[in-house]
Every structure is written in C-alpha cells, then in structure tokens.
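All remarks here apply to the structure that follows.
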Amino acid sequence: MTEPRPAALGYRLGAMLYDGLLIIALWMLTLFVLVAVANDAVYGAAVRTILFLELYGFFIYFWISRGQTLGMLAWRLALRTDDGAPLTLAQATLRFFGAAVSAACFGLGYLWVLVDPKRRSWGDRLSASHIVRLPKGR
C-alpha cells in the first residue's frame, strides 16, 4: 500500500468550496433563529461573535475528531500531523488562524502550495500538519 500523496491546490479549493457552502447554510440557520427570537433585525458584535465561534467550532471539531471536514471527506482529503500524532487543539487553532491569514492575504497562503516542495500552505506549516489525498476505496 502506498503512502497518500500531498493534496494539490485544486482538491483543496474544492473542499473549501464545499465547506464554505456548509458554513453559509449553518450561518443562515443561526441568523434565522436569532431573528425569530428577537423578532427584529440582528446585528452587532454579539452576532458576529456567534458566527465566528460557529466557524471556529466547525473546523476545530472536524479536524480534531475526524481529521477531515465534510468538504475534505467529499474530495478524499485528510489532515495528518507531521509526527503522526493526533491533531491537538493548539495545532488546530494555529491551523485555523493560519488559514484566516492566508485568506486575508488574498489567498497567498494557499497559493504557497504551488511553490512548496511538500505542497504545504501557511496553515500547514504553522500547525506542523499537512493535507493528503486518500486513494479511492479507502
């Protein structure tokens, strides 16, 4: 059996698109409930904090418990630590903020996959982890 190869940028972007759609659906549900409870428009720091915590919780939960988000599952991607140990909360948090910085820099941290010899993004490097593409049927 061969070792899984590092995931290419296209597969990562596909997984991000899937996860993004799931996050939007979760946020819409949350906002629907908040508007129904408040019986008015909802906005402000409290609402943004709730949405941020949902985003953070989504990724942290899936990365730590399964080693892959639902989008990663669909694209046969998996998260692995460099030392083979389970991903810790600290590593997952570093990965999350590395991804946020990558996105804030107009995707430069993700494009780094194209020049890194191990196909690692900024979030990968920061969290001592990497994304692999799993073979079919696994």
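Computed from heavy atoms alone, side chains included, the values below leave out hydrogens, waters and symmetry copies. Model, not experiment: these values are computed from the prediction.
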Checklist line | Side-chain H-bond candidate by donor/acceptor type, R95 with S129, under 3.5 Å | finding: yes
Next item on the list: Hey, could you give me each pair passing ring-ring contact (aromatic ring centres under 6.0 Å, His included) that has a residue in residues 79-108? Not counting sequence neighbours.
Entry: F52-F96, Y56-F96
Note to self: Could you measure the distance from the CG atom of L87 to the OG atom of S127? Nearest 0.5 Å is fine.
What the structure shows: 6.5 Å
Check: Which atom pair, heavy atoms only, marks the closest approach of P4 to L134?
Finding: CG-CD2, 4.2 Å
Margin query: Going by salt bridge (Lys or Arg N to Asp or Glu O under 4.0 Å), name the residues that satisfy it together with R133, two or more places apart in sequence or in a different chain.
Written below: none
Margin query: Among residues at least two apart in sequence or on other chains, which ones pass side chain to side chain donor-acceptor pair (under 3.5 Å) with Q68?
Written below: none
Checklist line | Distance in Å, K118 NZ paired with R125 CZ, rounded so as to fall on 0.5 Å steps | finding: 8.5 Å
Next item on the list: Determine whether Y61 and I131 fall in the same hydrophobic cluster, where Ile, Leu, Val, Met, Phe, Trp and Tyr are linked whenever their side-chain heavy atoms lie under 4.5 Å apart.
Entry: yes
N/O donor-acceptor pairs under 3.5 Å from side chains in residues 33-47, not counting sequence neighbours:
none

Notebook entry, point to check: Roughly how far apart are L126 CG and L94 CG, rounded to 0.5 Å?
Noted result: 4.5 Å
Note to self: Please determine whether residues F58 and I60 belong to a single hydrophobic cluster, defined as Ile, Leu, Val, Met, Phe, Trp and Tyr linked transitively by side-chain heavy-atom distances below 4.5 Å.
What the structure shows: yes
Checklist line | Shortest non-hydrogen contact between Y110 and S102, atoms and distance | finding: CE1-CB, 3.8 Å
Note to self: Would a single hydrophobic cluster contain both L55 and I64, if residues Ile, Leu, Val, Met, Phe, Trp and Tyr are joined by side-chain heavy-atom contacts under 4.5 Å?
What the structure shows: yes
Note to self: When you measure from the centre of the six-membered ring of W112, is the NZ or CZ of R120 closer than 6.0 Å and no more than 45° off the axis?
What the structure shows: no
Notebook entry, point to check: Can you pull the salt bridge (charged side-chain N to carboxylate O under 4.0 Å, His left out) pairs that have at least one residue in residues 56-71, sequence neighbours excluded?
Noted result: none
Check: Just wondering, more than 12 heavy atoms not from F59 lying within 6.0 Å of its CZ?
Finding: yes
Item checked: side-chain contact (heavy atoms from CB on, under 4.5 Å) evaluation trace for V132 with L77 -> CA-CA 6 Å; V132 295; L77 302 179; over 6 Å; no
Under 3.5 Å, side-chain donor or acceptor atoms of residues 12-31 against the rest of the protein: list the pairs with distances, not counting sequence neighbours.
unit_1, atom_1, unit_2, atom_2, d
R12, NE, A7, O, 3.3
R12, NH1, D124, OD2, 3.0
R12, NH2, R119, O, 2.9
R12, NH2, D124, OD2, 2.9
D19, OD1, T69, OG1, 3.2
D19, OD1, G71, N, 2.7
D19, OD2, T69, OG1, 2.5
W27, NE1, L51, O, 3.1
T30, OG1, L26, O, 3.0
T30, OG1, E54, OE1, 3.0
T30, OG1, E54, OE2, 2.5

Next item on the list: Tell me whether L73 is reachable from F62 by hopping between hydrophobic residues (I, L, V, M, F, W, Y) whose side-chain heavy atoms are closer than 4.5 Å.
Entry: no
